[in-house]
Chemist: 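Below you will find the structure I want to go over with you.
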Amino acid sequence: MSEKEVRVRFAPSPTGYQHIGGARTAIYNWLFARRYGGKFLLRIEDTDRNRYVPESLEDILESMRWLGIDWDEGPEVGGSCGPYFQSERLELYQKYATQLVAEGKAYYCYCTSERLDELRKDQEANKEQVGYDRHCLNLTASELQELEASGAKKVVRFKIPREGRTVVCDQLRGELVFENKTLDDLVLLKSDGFPTYHLANIVDDHLMGITHVMRGEEWLPSTPRHVLLYQAFGWEPPEFAHLPLFLAPGGGKLSKRHGATSVREYREKCYLPEAVFNFLLLLGWNPGTDQELFTKEEALKIFGMERINASPVAFSVEKLDWFNGVYIRSLDATTLAKRALPYLIGAGLMEEHYSAAEFAYLESLIPLVRERLKSLPEIVEWTSFFLQEQLIPPAKEILIPRKMDQSQTLQVLEGACEALNEVSEDFLEAEVEAALRGLAIKLEMQDGQVFMPLRVAISGRTATPGIFETMRAIGKKRVLERIANAAQVLRD
RNA sequence: GGUCCUAUCGUCUAGAGGCCUAGGACACCGCCCUCUCACGGCGGAGACACGGGUUCGAAUCCCGUUAGGACUACCA
C-alpha cells in the first residue's frame, strides 16, 4: 500500500433506485477507507440529463444511511474538493477537454448521430471492428470552417494512439494488456457541453485525490482508455480493482424477475440492514477463515482487496434469509420489541400510543417467539393470539388433531378447564405444566394428545411457542375462556 | 462479429504444486432434543467444466476447447 492517505469514492448515477450491486461496491469502498484510516467520498455522477431521475438522489443517500455507510466528503457534508455533483463542475470538464484539443490530444467531431449509426451498421454488416472512423480528424481547414460557420453541433473526441499497447494493472487480476488499435476515439465532451463518464470520472478522481478505484467489472473494458487519458493529462492513475458482477441465480443478468434488485426493496421487505450488509460483504470477499458473521467494526479491521474474488457471483436470496434470522435472534427483547412495533401497529395489534404496561407485555413475549422469526413482519402472526383480547374460536377441522376424534378432543378440553381452574391466578408455568401432565395421566393419553387441542384452542394455530409459557403469557382468564369457547364449537 | 474477464458441491466459498480419500457456510435429507413449530446438536448426500502439456507429483502452472459474463452510445 502506498504511503499517501487512502482516498476512495463511491460514484453512483442518479438514474433510478440504488442497485444492490452498487451497494456492495459502496460497502467495499467504505470498508477499505475505514480499514486504512483513509477518506470515503460520495460523488454524484449526474451528467446524463436524459436518464436523470430526481428522486433517485434521495434513494441513494437513504440506502447508504440505512446500511450504515457514512461519507467523509460529498452531498450534505461538503468537503474541500467539492462540489460533489458533476453537474456543478461543468466548466472544469470543458476546460480540460479544451486543453486536450489545444495539445492535439483530442479533436472536435461534427458527425451526426445518423452518420454514426450508419457507420456502425456498415461495420457490423462487413464484420469489421466497430468504432469511430476518425472522419472528423481528417477534415480540411475549409471544411472545418464551413462546419463551424453552419453552427453544426460538435463533440470532443479523445485521440487514442493507433500503435502500441496499454497495460492496465487490476488489483484482482494482475496486468491486462490491450492493443491500442482495438480502442476507438471515445467522446469526452458531448454536444450539450456535458462530459461523458470517461472525462468527468478521470478529472474528478484526479482532482479529488482518489488513490484506489473499486468499481464494477463492467468498467474493465474502458479502463485502458482511462489509463490513456491519465497519460494524456500527465497524471498518475489510481490503483484499479474491478469487482465481479452479480449474476441472477440461474446465471445471466440480475434483473427484476429474479427478485429484488434495489436496496429499497430489501428495506421494504423488512430485512435488517445488518443482515444485508453482512450478506453483501461476503458476496465476493472472504476473510480467509470460517467466520461468517461480521459487525461493521469487525469487518473494517480486516477487509482488504487481497481477498476479493474476481469471478462473478450468483445472487441467491436464501443465505440472506439465514443472515436475517441470525441477526433477529441476536437482538435483545427491548430492541426487538421496538423494531417489531411498526408491524404490530400496522396490523392493528398495538395502538399507536401504547402504554408502558402494553410495551412491557410485548417485551415479555419476545423470548417466546424470537427463535421462531426469520423476518421482522412474521412477528405479527407469532404474537397476534397473545395480543388479541378475543380469539375467534377455531373450526373443528383444525381443533381435532389427526388420530383423535371429536369426543376425545372434547374430553381434553373439558378436562383442561377443570384442571386449569385449580391453578393459581399467577398461572405459573410449572403449575400449568403439572396440571396438564396430570390431566394426560388421568385421561390415559399421551402428553401431545392433550397439548395439541389446547394449543389450537388458545391460539388458533398448530405451531406456537411451548404450551406452558404460552398459557402463562395469555393468562388464566383468557385461557379458560378460549378453551370453553373451543369446547362449545365441538358440542355444536 | 471484435475486445476483454471468469471457471471448485445447487449457491457463497477455502485451497496460492505434495498437508486434498478437496474443508466451511446456506439450502436439502436423516437422527437427536421435544407438547407443536422453531432454535440447537450430530450425521448424510453433493464439486475441482473438458482436452492437452510442464512436473517425480496439479484443483493449484501453461496452452487449447467449451461454457458463462461484460464491453463494443454524444448511458453510466
Side-chain angles (χ1 to χ4, degrees), chain A residues 11-15 45-48 50-51 109 111-113 116-117 120 123-131 153-157 168 170 172-173 176-179 181-184 186-192 194-198 200-201 215-224 242 244-245 247 249-253 279 282-293 307 309-323 325 329 369-374 382 401 433 436-437 440 446-452 454-456 459 461-468 470:
Chain A
S13 285
T15 54
E45 309 220 324
D46 53 349
T47 55
D48 185 344
N50 299 319
R51 294 206 307 152
C109 168
C111 291
T112 60
S113 51
L116 261 17
D117 286 345
R120 195 163 27 242
Q123 289 167 332
E124 276 166 12
N126 299 330
K127 298 206 190 294
E128 287 170 25
Q129 185 182 321
V130 176
K153 298 240 180 209
K154 65 182 177 200
V155 302
V156 174
R157 278 186 190 274
V168 170
D170 183 271
L172 313 183
R173 288 163 253 263
L176 310 174
V177 181
F178 296 79
E179 295 291 337
K181 61 172 183 280
T182 65
L183 277 19
D184 73 335
L186 70 162
V187 172
L188 297 177
L189 203 64
K190 303 182 233 179
S191 58
D192 63 1
F194 277 64
T196 58
Y197 170 93
H198 309 287
N201 195 265
R215 73 220 308 189
E217 194 187 334
E218 71 269 25
W219 293 109
L220 197 49
S222 42
T223 307
H242 290 91
L245 264 13
L247 262 34
K253 202 171 176 153
F279 173 64
L282 261 18
L283 233 40
W285 175 85
N286 73 82
T289 65
D290 284 345
Q291 185 178 355
E292 293 205 287
L293 265 14
R307 301 201 65 88
N309 279 318
S311 47
V313 285
F315 186 93
S316 147
V317 86
E318 284 162 345
K319 191 134 186 183
L320 171 59
D321 288 336
W322 175 75
F323 275 118
R329 272 173 252 132
V369 304
R370 184 167 37 202
E371 308 298 307
R372 296 165 170 86
L373 298 177
K374 276 209 185 73
W382 280 102
E433 175 164 6
L436 295 184
R437 290 206 195 273
Q446 306 274 312
D447 285 346
Q449 290 181 291
V450 171
F451 299 166
M452 190 47 90
L454 292 171
R455 179 189 317 284
V456 176
S459 72
R461 309 162 35 109
T462 54
T464 69
I467 188 81
F468 316 127
T470 298

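Proteins come first, then strands; the chains are lettered A, B, ... in the order of their sequence lines, and each starts at number 1.
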Chemist: Does OP1 or OP2 of G2(B) have a side-chain N or O of Arg120(A) closer than 4.0 Å?
Modeler: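 No, Arg120(A) has no side-chain N/O under 4.0 Å of OP1/OP2 on G2(B).
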Chemist: Using the P atom on both, measure U65(B) against G1(B) and round to a whole Å.
Modeler: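 Their P atoms lie roughly 14 Å apart.
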Chemist: Show the distances under 3.5 angstrom between N or O atoms of the protein and N or O atoms of nucleotides 39-45 of chain B.
Modeler:
unit_1 : atom_1 : unit_2    : atom_2 : d
C39(B) : O2'    : Glu371(A) : OE1    : 2.8

Chemist: So, does Asn286(A) get its side chain near the phosphate of A14(B), meaning an N or O under 4.0 Å from OP1 or OP2?
Modeler: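 Answer yes for this pair, as a side-chain N or O of Asn286(A) is under 4.0 Å from OP1 or OP2.
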Chemist: Output yes when at least one side-chain N/O atom of Thr47(A) is less than 4.0 Å from OP1 or OP2 of A76(B), else no.
Modeler: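 Answer is yes, contact under 4.0 Å.
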Chemist: Does C33(B) pair with anything, Watson-Crick or G-U wobble, both distances under 3.5 Å, and if so, with which nucleotide?
Modeler: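 When the pairing criteria are applied, nothing turns out to pair with C33(B), so the answer is none.
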Chemist: Does the side chain of Arg437(A) get closer than 4.0 angstrom to OP1 or OP2 of C35(B) through an N or O atom?
Modeler: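 Yes, because at least one side-chain N or O of Arg437(A) sits under 4.0 Å from OP1 or OP2 of C35(B).
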Chemist: Whole Å only: how far is the CG atom of Asp48(A) from the P atom of C74(B)?
Modeler: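 It works out to 12 Å between those atoms.
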Chemist: Would you name the heavy atoms of Thr182(A) and Glu179(A) that are closest together and state the gap between them?
Modeler: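 Result for this residue pair: OG1-O, 2.7 Å.
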Chemist: Just the rounded figure in Å: distance from P of C74(B) to CG of Asp192(A).
Modeler: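 Those two atoms, CG and P, are 12 Å apart.
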Chemist: Measure from NZ or CZ of Arg461(A) to the centre of the six-membered ring of Trp382(A), then state whether that distance is under 6.0 Å and the direction lies within 45° of the axis.
Modeler: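 Checked: cation-pi criterion met.
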Chemist: Kindly point out which of U13(B), A27(B), A73(B) is positioned nearest to the side chain of Val130(A)?
Modeler: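 Nearest to the side-chain atoms of Val130(A), counting from C-beta on, is A73(B).
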Chemist: Counting just side-chain N and O atoms, does Asn50(A) come under 4.0 Å of either OP1 or OP2 of A73(B)?
Modeler: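 Indeed not, no polar side-chain atom of Asn50(A) lies that close.
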Chemist: Record whether the side chain of Arg455(A) comes under 3.5 Å of the base of C35(B) through a donor-acceptor pair of N or O atoms.
Modeler: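 Yes.
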Chemist: Below 3.5 Å between N/O atoms, which protein atoms pair up with nucleotides 61-71 of chain B? Just atom names and distances, please.
Modeler:
none

Chemist: Both distances below 3.5 Å, Watson-Crick or wobble geometry, any strand: find the nucleotide opposite A59(B).
Modeler: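 In the structure as shown, A59(B) has no Watson-Crick or wobble partner.
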Chemist: Determine which nucleotide pairs with C28(B), using a 3.5 Å limit on both distances of a Watson-Crick or G-U wobble pair.
Modeler: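 Answer to the pairing question: G44(B), which forms a Watson-Crick or G-U pair with C28(B).
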Chemist: Using atom P of each nucleotide, how far apart are A7(B) and C62(B) to the nearest Å?
Modeler: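 Roughly 11 Å separates the two P atoms.
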Chemist: On the nucleotide A76(B), are OP1 or OP2 found under 4.0 Å from the side-chain N or O atoms that Lys190(A) carries?
Modeler: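 Lys190(A) to A76(B) OP1/OP2: side-chain N or O found under 4.0 Å.
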